[in-house]
Amino acid sequence: MTTPTTDPGAAGPGAGEPAAGRRSWMREHSELGVCVLLSALGVLLLTDALTMDVDIAQRGPVGPRTVPVVVGGGLLVVAALLAADVLRGGRGRAETGEDVDLSEPADWRTVLLLTGVFLGAAVLIEPLGFPVAGALLFWGAAFALGSRRPDRDPLIAAVVSFVTYAVFDNLLGVPLPGGPLMGVL
């Protein structure tokens, strides 16, 4: 009669199969991670939207909860459909990368310039107002992305910023900080 050994190093060839099988299954169904992420975002969005304090006098047919509830519900539906597809054997195809040259290094200068422009606009929006901070944001983003037209870019950025401000503030009723230009606009 042979006594079973408890030494982990003495394990036979089939000892690691359950763990390897689980890893293989997880690798084959890795898209389920996206489903978990989409579900978590959907639940977070729905929870925030449904617990939002809304003044009854401000409610209309479409209130501030409508869009978050629709987007959160949509995320949950997409997560469920994706999970069903993955569990039925559906697999996403790898991106061919026809527009991306993977041998080239990342353009960190552009990323850092855009990050600086966005952070600068966020800091300047309160003291300067949206029209000026928005114009700087649009002009800086155009510069960071490679446009070098000093005769055209500032003018286009100013027009886009002022039109955006006017649409949100006057037409949609979303108050944006006007800054020093508040009395002029």
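Hydrophobic clustering, with ILVMFWY side chains joined whenever heavy atoms are under 4.5 angstrom apart, groups Val78 together with Val67. One hydrophobic cluster holds both Leu171 and Phe168 under the rule that ILVMFWY side chains link at heavy-atom gaps under 4.5 Å. Under the 4.5 Å side-chain heavy-atom criterion for Ile, Leu, Val, Met, Phe, Trp and Tyr, Val69 and Val43 are members of the same hydrophobic cluster. In the hydrophobic clustering of ILVMFWY residues, with side-chain heavy atoms under 4.5 Å counting as a link, Leu137 and Leu114 come out together. The hydrophobic clustering, which links ILVMFWY residues whose side-chain heavy atoms are closer than 4.5 Å, places Phe130 and Val174 together.
The shortest non-hydrogen separation linking Leu113 to Ala144 is CB-CB, 3.7 Å. Heavy-atom minimum distance, Pro177 versus Tyr165: O-CE1, 4.0 Å. Here the closest non-hydrogen pair linking Pro127 and Pro180 is O-CD, 3.6 Å.
With sequence neighbours excluded, no residue satisfies side-chain hydrogen bond (donor to acceptor under 3.5 Å, both in side chains) with Thr47. With sequence neighbours left out, Ala157 forms a side chain to side chain contact (heavy atoms under 4.5 Å, CB included) with Phe138, Trp139.
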For the pair Val117 and Phe143, evaluate side-chain contact (heavy atoms from CB on, under 4.5 Å) and give the outcome as yes or no after the intermediate values. CA-CA 10 Å; Val117 166; Phe143 180 83; over 6 Å; no
Chi angles and distances behind the side-chain contact (heavy atoms from CB on, under 4.5 Å) call for Val132, Leu124: CA-CA 8 Å; Val132 175; Leu124 295 175; over 6 Å; no
Is there a side-chain contact (heavy atoms from CB on, under 4.5 Å) between Leu46 and Leu76 once you walk through the steps? CA-CA 10 Å; Leu46 284 173; Leu76 292 177; 3.4 Å; yes
Evaluate the side-chain contact (heavy atoms from CB on, under 4.5 Å) criterion for residues Leu87 and Leu32: first the C-alpha distance (whole Å), next the side-chain angles of each, then the deciding distance (0.1 Å), finally the verdict. CA-CA 9 Å; Leu87 292 175; Leu32 291 175; 4.0 Å; yes
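The structure places CG of Leu128 at 7.0 Å from CG of Leu136, a figure rounded to the nearest 0.5 Å. The line from CG of Asp48 to CZ of Arg65 is 11.5 Å long, rounded to the nearest 0.5 Å. Atoms OG and CG, on Ser161 and Leu176 in that order, are 9.5 Å from each other to the nearest 0.5 Å.
Leu75 is not listed as a side-chain neighbour of Ser39, based on a closest heavy-atom distance of 4.5 Å or more.
Listed by first and then second residue, the salt bridge (Lys or Arg N to Asp or Glu O under 4.0 Å) pairs involving residues 124-149 are Arg149-Asp151 (not counting sequence neighbours).
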